[in-house]
Amino acid sequence: MKSRIIRTAFFQRDPITCARDLVGTELIWDDCAGKIVETEAYLAKNDEACHTFSRPSAREFVQRNKAGTAYIYFSYGAHWMLNALVKGEADGFVLIRALKPLRGINLMKKRRGLDDERQLCSGPGKLTQAFDITNRHHEIDLCAEPRHCFAHRPAEVDVVADARIGITRSAHHPWRFTERGSKFVSRRVKS
DNA sequence: TTCGTGATAGAG
DNA sequence: TCTATCACGAAG
């Protein structure tokens with residue numbers, strides 16, 4: 001039977017293409033799973049919002065690891081952010097920003113202390129809390145084990161591109177990708 | 001709209 | 001040592 005897990009080659013292209021193509025795929029993490037409805041692309045070069053612009057440790061991370069590796073960092077003293085390393089035609093990251101919960105929903109509710117499914121994973125810090133993703137997962141290969149991976153789903157999705165949010169530098173690039181009409185995104189798409 | 005939070009990096 | 005900065009979330 002053919003595997004539906006997304007393999008390393010997927011991340012050996014460029015961050016913008018990868019970010020767009022990840023919308024509509026499934027994130028599988030232990031007993032939880034969700035459909036990705038929002039991502040953002042960050043470029044290692046010529047992108048002031050990318051960690052590689054101001055953080056030597058991020059540049060070393062790119063050097064040291066292969067495509068499809070998890071880049072996880074702590075933000076604002078409270079939240080973990082999940083990114084996938086892209087290394088190919090261009091280097092960079094894809095930030096996973098929001099999911100529609102599919103499996104392990106009761107576990108997510110418990111971890112988040114909430115009942116509303118729309119609020120479980122509607123933001124990069126929320127989904128890591130719901131999935132219990134922390135720095136212990138930093139630098140793991142997301143294309144190797146079936147318990148921490150991305151997987152294709154049968155249905156095609158309609159993807160919208162607009163400006164990244166929550167950043168100040170290089171904020172004009174249309175590198176945020178969302179599933180059209182999804183109620184599970186972190187913030188409504190500007191119309 | 002505001003504010004807490006802690007890691008990182010660069011300046012002094 | 002000190003300080004600015006930050007890809008956030010929750011309360012109000």
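This is a predicted model, so every value here is computed, not measured. Chain A is the first sequence line, chain B the second, and so forth, proteins listed ahead of strands; every chain is numbered from 1. Hydrogens, waters and symmetry mates are skipped; everything else that's a heavy atom, side chains included, is used.
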May I have the distance from [X] (atom [atom1]) to [N] (atom [atom2]), rounded to whole angstrom?
X        : N     : atom1 : atom2 : answer
A/Trp80  : B/dG6 : CH2   : P     : 12 Å
A/His79  : B/dA7 : NE2   : C1'   : 14 Å
A/Arg187 : C/dG9 : CZ    : P     : 11 Å

Counting the atoms with a prime plus P, OP1 and OP2 as sugar-phosphate, which does [X] contact under 4.0 Å by heavy atoms, base, sugar-phosphate, or nothing?
X        : value
A/Ser54  : sugar-phosphate
A/Arg112 : sugar-phosphate
A/Ala49  : base
A/Arg169 : sugar-phosphate

Scan side-chain atoms only and decide if [X] and [Y] contain a donor-acceptor pair under the 3.5 Å cut-off.
X       : Y        : answer
A/Tyr73 : A/His138 : no
A/Glu38 : A/Ser186 : yes
A/Asp47 : A/His173 : no

Under a 3.5 Å limit for both distances, which nucleotide forms a Watson-Crick or G-U wobble pair with C/dA10, could you say?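 C/dA10 is paired with B/dT2.
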Would you say the side chain of A/Tyr73 and the base of B/dA7 hold a donor-acceptor pair, judged only by whether the two atoms sit under 3.5 Å apart?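 Between B/dA7 and A/Tyr73, which were checked side chain against base, a qualifying N/O pair under 3.5 Å is absent.
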Heavy atoms from C-beta onward define the side chain here; which of [options] lies closest to that of [X]?
X        : options              : value
A/Lys126 : C/dC6, C/dA10, B/dA9 : C/dA10
A/Arg97  : B/dA9, C/dA7, C/dA10 : C/dA7
A/His51  : B/dA9, C/dA7, B/dG6  : C/dA7

Are A/Trp80 and A/Phe74 close enough that their ring centers fall under 6.0 Å?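 Centroid separation for A/Trp80 and A/Phe74: below 6.0 Å.
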